[in-house]
Amino acid sequence: MSIHITFPDGSVRPYEAGVSGWDIAKSLSEGLARQVLAAKVNGVVQDLSATITTDATICFLKWEDAEGQNTFWHSTAHLLAEAVEALFPDAQFWVGPALEKGFYYDIDLGDYKLTEDDLRKLEMKMSALAKNNAPFIRKAMQKEEAIAWFTEKGDRYKLDLLHGLEDGNISFYTQGNFTDLCRGPHIPHTGFIKAIQLTSIAGAYWKGDENNKQLTRIYGISFPAQKELDEYLALLEDAKKRDHRKLGKELELFAFSENVGLGLPLWLPKGAMLRERLQQFLQKAQMESGYLPVITPNIGHKNLYVTSGHYEKYGKDSFQPIKTPQEGEEFLLKPMNCPHHCEIYKTAPRSYKDLPLRLAEFGTVYRYEQHGELHGLTRVRGFTQDDAHLFCMPEQVKEEFKTVIDLVLYVFKSLGFTNYTAQISLRNKEDRSKYIGSEENWQRAEQAIIEAAAEKGLTTVTAYGEAAFYGPKLDFMVKDAIGRKWQLGTIQVDYNLPERFDLTYIGEDNARHRPVMIHRAPFGSMERFIAVLTEHCAGKFPLWLAPVQVKLLPISDRFLPYAQNVLLQLKKADIRVEMDDRNEKIGKKIRDAERMKIPCMLVIGEQEVAEGKAAVRRHGKGNMGARSVEEIIAGLRQEVEENQ
RNA sequence: GCCGUUGUGGCUCAGUGGUAGAGCACUUCCUUGGUAAGGAAGAGGUCGUGAGUUCAAUUCUCAUCAACGGCUCCA
């Protein structure tokens, strides 16, 4: 019997039923057959050796395809397991999936502690095994048979895995001496794997539960050619240079001190300047959108958080209350601004005419983060939220929510973030024990978010289990230099706190009604935002944000008096300017200013003094020629206004 | 909190069972130099902290603290 295979370009060719993907690839070209890793048949990725019995569309996956890489790395994980089993016969295996970049395998090595040396040995073993060109052979198995196989092997992890699988849907893969329970698919044989690097060892709780045993996780990456591994390593090097922790030190933005405490950043003058520019930028936008600034204290009575529900939820695992010496009254370091803002709402009777009431505060909060979680400025124990709470009538929620989306997108656009993900964070589907509030309110809130996002045309992903304990969120996620994802902006609908604080407003009908609260923070936290922004622009902040916008570079101290004069003029024009009056050559001064990524340098020498000018040099661009000081000021001002 | 790695002057890093070195930065002097490092001299560290082994520890062992890579967590 003959079947019709449709190719991506739309062409159709006849084949015998039962033909394999590989046969088809070979029929097209030998070159293709040498490169192809897997086949996507009717949209499903499968082994090349799998046969095709009916009409189908086919697409060959090569290294260049994301799904091809995925398969490649998954197969490498099996190769790793084979090497581990060869070197550590008692090892028991859990799972070994592919990642966005690379793969890992979780392994129980008993009490053995894996070392870096072991990784090198494993790499060598893997390379040796790969050279055997061992095919990945699939074998379907009955559940009973599979259980018997692993029981005999004494493999409790795989048995656990098996129990969750449906009979009739179980397959094994064997390459060389290693057989693993696996859904597949895999690349044709190990010979494709030419370059391997095992990158790190880590502990990982079995099934991600910290009550379970910790397995040894081996991370690695592999490529079809050494050249590509080298390129990848070079890319990693480059990413390291953008790391905000490194740049923060180099550009003197922030620092940490053990004497101050873990996760408590110290903002240095340059970092503080940057942060203030950002705050002013947002404050301006918020004033235009009808926000009202408020200020609340850094501590609050424990009862405030008992009322809000935060105490019950986080009290034990957070900084413990501080007490007044006489009365023994308990106060908490402010972990959230919302309860304070609720109290501000309650200071006066509110009419529907007052709503929406938008209270904004750059509020500094303190949260006890686990030691191992602290990370530069992205995860700290004291940070400042660009927080605001919008109190509105239920019928205003969606409109208000949409306005906030606009604000967040405006912020992102102004700062050059184009590569973000909008994530609708909803409750965990199975486990609802950690959430508070009525089912009805949750559904209304979820509905409001989903609709608002859709009406704004946002492309969103939905993440279950990522909601806050009191309500669903719309989170804006951005990746850092090393590819880690961070939540920046967030918008949350909250029906819960207004109830807990018994917030009301008088409606048109002269009756009391319950307002709805929207929490929102476009930056999220100033700390995290600046971290991600720093990595995003590799420390080259735009002129309007740069802590030092202009550096004056007099060629010799003969020109200092003139340069002093220029310095004064620029300062009077509100330009953030410094002068390098060191006894150094101009080349050295330029080098240092360039390394500090200062956007604009003004070189002043004999020529400039004579003409009443300064020679403009822009960061990374070189000499732009001499201009009068007035002209320079006007140009800088214009650039600041245009880009802000 | 858990697993693993690391911890040497302000920064980046070398090094040794017999109480330490380089480059940059810093200070002083010389130099007054035109678009990414001018020269010389000098100062600066009880080698994260505590205990143990040893005649002797920065070097070995243990503990502890912190940073880093993960896991778990994240109002």
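A quick note: this is a predicted structure, and the numbers were derived from the prediction, not measured.
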Inset, instruction - Return yes if the base of rG1(B) and the side-chain atoms of Y205(A) contain a donor-acceptor N/O pair under 3.5 Å, otherwise no. - result: yes

Legend entry - Integer angstrom distance from the P of rA56(B) to that of rA51(B): 15 Å

Inset, instruction - Can you tell me the distance, in whole Å, between the CG atom of L247(A) and the C1' atom of rC11(B)? - result: 14 Å

Inset, instruction - For rG70(B), take OP1 and OP2 only and decide whether either is under 4.0 Å from a side-chain N or O of R484(A). - result: yes

Inset, instruction - Looking at every strand, decide which applies to A204(A) at a 4.0 Å heavy-atom threshold: base, sugar-phosphate, or nothing. - result: sugar-phosphate

Inset, instruction - Nearest whole angstrom, please: distance from the P of rC73(B) to the CG of D209(A). - result: 8 Å

Legend entry - By side chain to side chain contact (heavy atoms under 4.5 Å, CB included) - contacts of K540(A) (at least two apart): K597(A), H619(A)

Legend entry - Presence of donor-acceptor pair under 3.5 Å, side chain of R379(A) and base of rC74(B): yes

Inset, instruction - Report, as yes or no, whether the 6.0 Å neighbourhood of atom NZ on K346(A) holds more than 12 heavy atoms from other residues, nucleotides or ligands. - result: yes

Legend entry - Pairwise 5' ranking along RNA chain B for D557(A) and A615(A), keeping only the more 5' one: D557(A)

Inset, instruction - Please determine, for rC71(B), whether a Watson-Crick or G-U wobble partner exists with both distances under 3.5 Å, and give it or none. - result: rG1(B)

Inset, instruction - Please confirm whether any donor atom in the side chain of Q214(A) sits under 3.5 Å from an acceptor in the base of rC2(B), or the reverse. - result: yes

Legend entry - Interatomic distance, K246(A) NZ vs rC24(B) P [rounded to whole Å]: 17 Å

Legend entry - Pairwise P distance, rC68(B) and rU61(B) [rounded to whole Å]: 25 Å

Legend entry - rG17(B) to rU5(B) separation - C1' atoms, rounded to the nearest Å: 25 Å

Legend entry - Nearest-0.5 Å distance that lies between atom CG in N298(A) and atom CG in L332(A): 13.0 Å

Legend entry - Spacing of R582(A) atom CZ relative to rC29(B) atom C1', expressed in whole Å: 17 Å

Inset, instruction - Using a 4.0 Å heavy-atom cut-off across all strands, classify E258(A) as base, sugar-phosphate, or nothing. - result: sugar-phosphate

Inset, instruction - Determine the Euclidean distance between corresponding P atoms of rU16(B) and rC55(B); express it in Å to zero decimal places. - result: 24 Å

Just the table, please: protein N/O against nucleotides 41-44 of chain B N/O, every pair under 3.5 Å.
none

Inset, instruction - Determine, using ring centers only, whether H341(A) and F391(A) are less than 6.0 Å apart. - result: no

Legend entry - Interatomic distance, D475(A) CG vs rC74(B) P [rounded to whole Å]: 13 Å

Legend entry - Watson-Crick or G-U wobble mate for rA14(B), both contacts under 3.5 Å: none

Legend entry - G-U wobble or Watson-Crick pairing nucleotide for rA56(B) (cut-off 3.5 Å, both distances): none

Legend entry - rU58(B) and rU8(B), which share atom name C1', separated by this distance in whole Å: 8 Å

Inset, instruction - Could you check how far NE2 of H375(A) sits from C1' of rC73(B), rounded to whole Å? - result: 16 Å

Protein and nucleotides 36-40 of chain B: nitrogen or oxygen contacts under 3.5 angstrom:
{"unit_1": "rA36(B)", "atom_1": "N7", "unit_2": "R617(A)", "atom_2": "NH2", "d": "3.4"}
{"unit_1": "rA36(B)", "atom_1": "N6", "unit_2": "E594(A)", "atom_2": "OE1", "d": "3.3"}
{"unit_1": "rA37(B)", "atom_1": "N7", "unit_2": "R591(A)", "atom_2": "NH1", "d": "3.1"}
{"unit_1": "rA37(B)", "atom_1": "N7", "unit_2": "R591(A)", "atom_2": "NH2", "d": "3.3"}
{"unit_1": "rA37(B)", "atom_1": "N6", "unit_2": "R591(A)", "atom_2": "NH2", "d": "2.6"}
{"unit_1": "rA37(B)", "atom_1": "N1", "unit_2": "R591(A)", "atom_2": "NH2", "d": "3.0"}

Inset, instruction - Check whether the side chains of N211(A) and D209(A) place a donor and an acceptor atom closer than 3.5 Å, and report yes or no. - result: yes

Inset, instruction - Name the nucleic acid region contacted by E250(A), choosing base, sugar-phosphate or nothing; use a 4.0 angstrom heavy-atom cut-off, strictly under. - result: nothing

Inset, instruction - Sticking with atom C1', work out how far rG9(B) lies from rG18(B), rounded to a whole angstrom. - result: 22 Å

Legend entry - Partner nucleotide, any strand, of rG34(B) [Watson-Crick/G-U, under 3.5 Å]: none

Legend entry - Ring centres under 6.0 angstrom apart (Y305(A), Y311(A)): no

Legend entry - Whole-Å P distance, rA36(B) and rC60(B): 46 Å

Inset, instruction - Work out which heavy atom in Q385(A) is nearest to a heavy atom in R367(A); give both atom names and the distance. - result: NE2-NH2, 3.5 Å

Legend entry - Separation of atom NE2 in H244(A) from atom P in rA67(B), rounded to whole Å: 13 Å

Inset, instruction - May I ask which nucleotide in the shown strands pairs with rC47(B), Watson-Crick or G-U wobble, both distances under 3.5 Å? - result: none

Inset, instruction - Could you say whether E116(A) or S556(A) is positioned toward the 5' end of RNA chain B, judged by the nucleotide with the nearest heavy atom to each? - result: E116(A)

Inset, instruction - Measure centre to centre between the rings of H78(A) and W73(A), then say whether the value is under 6.0 Å. - result: no

Inset, instruction - Look at all strands and tell whether G372(A) reaches a base, only sugar-phosphate, or nothing, counting heavy atoms closer than 4.0 Å. - result: base

Inset, instruction - Report yes or no: is there a donor-acceptor pair, N or O only, under 3.5 Å between the side chain of E608(A) and the base of rG34(B)? - result: yes

Legend entry - Working for side-chain hydrogen bond (donor to acceptor under 3.5 Å, both in side chains), residues D117(A) and T115(A): CA-CA 5 Å; D117(A) 281 350; T115(A) 64; 4.9 Å; no

Legend entry - Closest listed nucleotide, where the reference is the side chain of Y314(A) and the choices are rC74(B), rC71(B), rG69(B): rC74(B)

Inset, instruction - First locate atom OH of Y105(A), then atom CG of L79(A), and finally report the distance between them rounded to the nearest 0.5 Å. - result: 12.0 Å

Legend entry - K246(A) side chain vs K240(A) backbone, donor-acceptor pair below 3.5 Å: no

Legend entry - Value in whole Å for how far the P atom of rU64(B) lies from NE2 of H371(A): 13 Å

Inset, instruction - Just compare rA66(B), rU12(B), rG33(B) and give me whichever is closest to any side-chain atom of L262(A). - result: rA66(B)

Legend entry - Min side-chain heavy-atom separation V550(A)-L602(A) under 4.5 Å: yes

Legend entry - Gap in Å between the two P atoms, one belonging to rG15(B) and one to rC71(B), rounded: 32 Å

Legend entry - Ring centres under 6.0 angstrom apart (F88(A), Y112(A)): yes

Inset, instruction - May I ask which nucleotide in the shown strands pairs with rA20(B), Watson-Crick or G-U wobble, both distances under 3.5 Å? - result: none

Inset, instruction - Using a heavy-atom cut-off of under 4.0 Å over every strand shown, decide if F256(A) touches base, sugar-phosphate, or nothing. - result: nothing

Inset, instruction - Would you tell me if any nitrogen or oxygen in the side chain of R217(A) comes within less than 4.0 Å of OP1 or OP2 on rC3(B)? - result: no

Inset, instruction - Look at all strands and tell whether K589(A) reaches a base, only sugar-phosphate, or nothing, counting heavy atoms closer than 4.0 Å. - result: nothing

Inset, instruction - Just name whichever nucleotide pairs with rU27(B), Watson-Crick or G-U, keeping both distances under 3.5 Å, else none. - result: rA41(B)

